[in-house]
Amino acid sequence: MQVSPSQISLVLCLLSCASSIGARYTPDWASLDSRPLPEWYDEVKFGIFVHWGVFSVPAFGSEWFWWNWKGAHDPEYILFMIKNYPPGFSYAEFAPDFHAQFFDPDEWADIFEASGAKYVVLTSKHHEGFTNWGSPNSWNWNSVDNGPHRDLVGDLGNAIRKRSLHYGLYNSLYEWFNPIYLSDKESGFKTQDYVAKKAMPELITLVNRYKPDLIWSDGDWEAPDTYWNSTEFLAWLYNDSPVKDVVVTNDRWGNGCYCKHGGYFNCADKFTPGQLPNHKWEKCQSVDTISWGYRRNMKLTELMDLPSIIKDLVYTVALGGNYLLNVGPTADGVIAPVFEERLRGIGVWLKINGEAIYGTKPWRVQAENATVLAWYTSKNTSTVYAIFTSNPMQNTFQLSMPKTSDSTVVTLLGNPEPLKWAPLESKGLIILLPDLPFSPAEAWTIKLDGVA
């Protein structure tokens, strides 16, 4: 039975109109984009992204393994399969080997908490269509019926929330080889059978069952938001869902939406703006610079080192963004020691310098080429932080942008003693630095109280 677009819209409209209490958002971008972003998201600044799925079994190339092999017919992937698997082996045959036998959600949550992250986003379903939960719309292609035989989304969510971290879920709207989706695509997206039978029922169940604080939408770009019925879904989410007051969403809701509509903007993967954006944004980045999913063939030179990660985090926060750093676990459910080492290193740095990150706002100037490059963040009206990510190799540090007063106090985070300083002729100051403590992150923070 073919479902018409008007029938889908009616169902979602009924869902979004079920309650008449409080402010209501209508299913159009003008209304939805007027919703204030829940405050928790801007406060937390730093989160962990986790890409995990059937693609973690071949663990070769990237999480786009299936598409690169059967969609793009990449010779490298074809040769990999010829060398390592019997003729006729299908992608679905990888799923039983997605055992997750060493997956300990409390251990993961401990690592994430130790990193200093305040939110975690797990792939509930990537473009392969395999759900990491028992989706009623994904029979035998989910982690309860196949592979781990566990509710991975639920198990990790329980562990994350015990540590008072926010829990978000990534969800791909499209699925590369879903025949219903491909039929809609063949029609030029004039039919919406996939949206009615799979995408929207599944997403609504996901929200109702796990109550995520954040929905990280993806896989939207082949079709317009009118095909996905994105505005109807978001109106229900913001008006009547169990997370209507706390949920945060991104901007991937249909072709042409990113960097334009949504709760906050991801824009492109690893988005790096050249100046302060006028809308809340997030940079998603991966420790493995080649892949979001785990790769058995990754090399150390392809991984971000700790100083590079901290520089990226500081830059992002100084320009008003959140930083979502990805790790890809193994099919066994292990976070590779090299990834754990990076995450714990971030946490060590944040224990000392976190007050210059969490709960901050961009300052009137985001950076200056001082004695060395310094990035600014701020709190309240008169507290400014200058974070520098290279050692000046001298005992004086000059900043030209802060306007000091007689009540200005300067400290180095991690050192309780106030630093000696003197004003410069017009504005700015010169600071006498102590010996800088050893920092594996190669980053330090000067705190300035009582400046403008």
Side-chain angles (χ1 to χ4, degrees), residues 42 45-46 270-283 285 304-323 346 349-350 352-415 417-437 439-452:
D42 186 50
K45 303 301 184 190
F46 175 47
K270 305 182 182 181
F271 176 58
T272 305
Q275 58 188 17
L276 181 67
N278 59 10
H279 190 94
K280 182 63 187 181
W281 64 285
E282 176 188 73
K283 179 171 186 174
Q285 177 66 279
M304 296 181 75
D305 61 16
L306 182 60
S308 299
I309 292 169
I310 296 300
K311 282 181 184 178
D312 212 23
L313 167 65
V314 169
Y315 164 88
T316 299
V317 173
L319 267 66
N322 275 25
Y323 193 64
I346 300 166
W349 186 82
L350 284 169
I352 295 171
N353 299 277
E355 74 166 273
I357 299 295
Y358 305 124
T360 59
K361 301 290 184 186
W363 195 42
R364 58 178 174 83
V365 177
Q366 286 75 63
E368 72 160 295
N369 284 308
T371 303
V372 293
L373 178 63
W375 293 96
Y376 288 111
T377 61
S378 67
K379 277 183 183 171
N380 308 316
T381 56
S382 61
T383 300
V384 173
Y385 302 92
I387 308 170
F388 51 104
T389 55
S390 60
N391 192 324
M393 306 303 288
Q394 60 186 60
N395 63 1
T396 58
F397 199 96
Q398 185 170 313
L399 295 168
S400 63
M401 300 312 299
K403 298 174 183 176
T404 62
S405 69
D406 291 341
S407 61
T408 296
V409 177
V410 181
T411 52
L412 181 75
L413 292 188
N415 184 338
E417 296 300 320
L419 304 183
K420 294 180 179 179
W421 64 275
L424 297 176
E425 191 169 322
S426 54
K427 61 177 181 177
L429 69 164
I430 187 166
I431 303 161
L432 184 63
L433 286 179
D435 291 336
L436 292 176
S439 171
E442 298 176 13
W444 301 265
T445 304
I446 293 172
K447 179 180 180 180
L448 303 106
D449 280 310
V451 295

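In what follows, every heavy atom counts, from backbone to side chain, and hydrogens, waters and symmetry copies are set aside. Since we're looking at a predicted model, the values are computed, not measured. Nothing fancy with the numbering, it's 1 onward along the sequence.
Two residues are said to be in side-chain contact when any heavy atoms from C-beta on lie closer than 4.5 Å; Gln398 and Leu424 meet this criterion. Side-chain contact check for Ile346 versus Leu306: some heavy-atom pair is nearer than 4.5 Å. Put simply, the side chain of Pro402 reaches to within 4.5 Å of the side chain of Glu368, judged on heavy atoms. Within the 4.5 Å cutoff, side-chain heavy atoms of Ile309 are placed close to those of Tyr323. With contacts defined as side-chain heavy-atom distances shorter than 4.5 Å, the pair Lys280/Asn322 qualifies. For the pair Pro437 and Trp444, the minimum side-chain heavy-atom distance is below 4.5 Å. For the pair Pro392/Leu436, a side-chain contact is recorded, criterion being any heavy-atom separation below 4.5 Å from C-beta on.
For the side-chain hydrogen bond (donor to acceptor under 3.5 Å, both in side chains) test, no residue two or more places apart in sequence or in another chain qualifies with Asn395. The side-chain hydrogen bond (donor to acceptor under 3.5 Å, both in side chains) test applied to Gln394 returns Thr396, not counting sequence neighbours. Considering only residues two or more places apart in sequence or on other chains, Thr389 meets the side-chain hydrogen bond (donor to acceptor under 3.5 Å, both in side chains) condition with none of them. Qualifying ring-ring contact (aromatic ring centres under 6.0 Å, His included) partners for Trp281, counting only residues two or more places apart in sequence or in other chains: Phe271. With sequence neighbours left out, the side-chain hydrogen bond (donor to acceptor under 3.5 Å, both in side chains) criterion links Ser382 to no other residue. With sequence neighbours excluded, the residues satisfying side chain to side chain contact (heavy atoms under 4.5 Å, CB included) with Ala367 are Leu373, Trp375. The side chain to side chain contact (heavy atoms under 4.5 Å, CB included) test applied to Thr404 returns Thr408, Trp421, Pro423, Leu429, Val451, not counting sequence neighbours. Here Asp305 pairs with nothing under the salt bridge (Lys or Arg N to Asp or Glu O under 4.0 Å) rule; sequence neighbours left out. Glu355 is linked by a salt bridge (Lys or Arg N to Asp or Glu O under 4.0 Å) to Lys447, counting only residues two or more places apart in sequence or in another chain.
Atom NZ of Lys270 sits in a crowded spot, with more than 12 heavy atoms from other residues, nucleotides or ligands closer than 6.0 Å.
Rounded to the nearest 0.5 Å, atoms OG (Ser390) and CD (Glu442) are 9.0 Å apart. Note that CD1 of Ile430 and NZ of Lys420 are 14.0 Å apart. Values are rounded to the nearest 0.5 Å. Atom-to-atom distance recorded for Leu448:CG and Thr411:OG1 is 7.5 Å, nearest 0.5 angstrom. Atom CD1 of Ile431 sits about 9.5 Å away from atom CG of Leu412, to the nearest 0.5 Å.
In this structure a side-chain-to-backbone donor-acceptor pair under 3.5 Å is missing from Ser378 to Val384.
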Leu433 and Ile446: side-chain contact (heavy atoms from CB on, under 4.5 Å), yes or no, with the steps?
CA-CA 9 Å; Leu433 286 179; Ile446 293 172; 4.1 Å; yes
For Asn353 and Val314: C-alpha separation, side-chain torsions, deciding distance, then whether side-chain contact (heavy atoms from CB on, under 4.5 Å) applies.
CA-CA 10 Å; Asn353 299 277; Val314 169; over 6 Å; no
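Listed by first then second residue, pairs satisfying ring-ring contact (aromatic ring centres under 6.0 Å, His included) with a partner in residues 393-412 read Phe388-Phe397, not counting sequence neighbours. Screening residues 309-319 for salt bridge (charged side-chain N to carboxylate O under 4.0 Å, His left out), with sequence neighbours left out, gives Lys283-Asp312.
Contact between Pro434 and Asn415 at its shortest, heavy atoms only, is CG-ND2, 3.6 Å. Ala356 and Ile387 make their closest contact through CB-CD1, 3.9 Å (heavy atoms, listed as atom of the first residue, atom of the second, distance). Nearest heavy-atom pair across Leu319 and Gly274 is CD2-C, 4.4 Å. Closest non-hydrogen pair, Ala318 versus Thr377, comes out as CA-CG2, 4.1 Å. The two residues Ala374 and Ala386 make their nearest non-hydrogen contact at CB-CB, 4.4 Å.
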Under 3.5 Å, which donor-acceptor pairs do the side chains of residues 358-366 form with other protein atoms, sequence neighbours left out?
{"from": "Tyr358", "atom 1": "OH", "to": "Gly116", "atom 2": "O", "distance (Å)": "2.6"}
{"from": "Thr360", "atom 1": "OG1", "to": "Ile357", "atom 2": "O", "distance (Å)": "2.8"}
{"from": "Lys361", "atom 1": "NZ", "to": "Asp42", "atom 2": "OD2", "distance (Å)": "2.6"}
{"from": "Arg364", "atom 1": "NH2", "to": "Met401", "atom 2": "O", "distance (Å)": "2.6"}
{"from": "Arg364", "atom 1": "NH2", "to": "Ala452", "atom 2": "O", "distance (Å)": "3.1"}
{"from": "Gln366", "atom 1": "NE2", "to": "Trp363", "atom 2": "O", "distance (Å)": "2.7"}

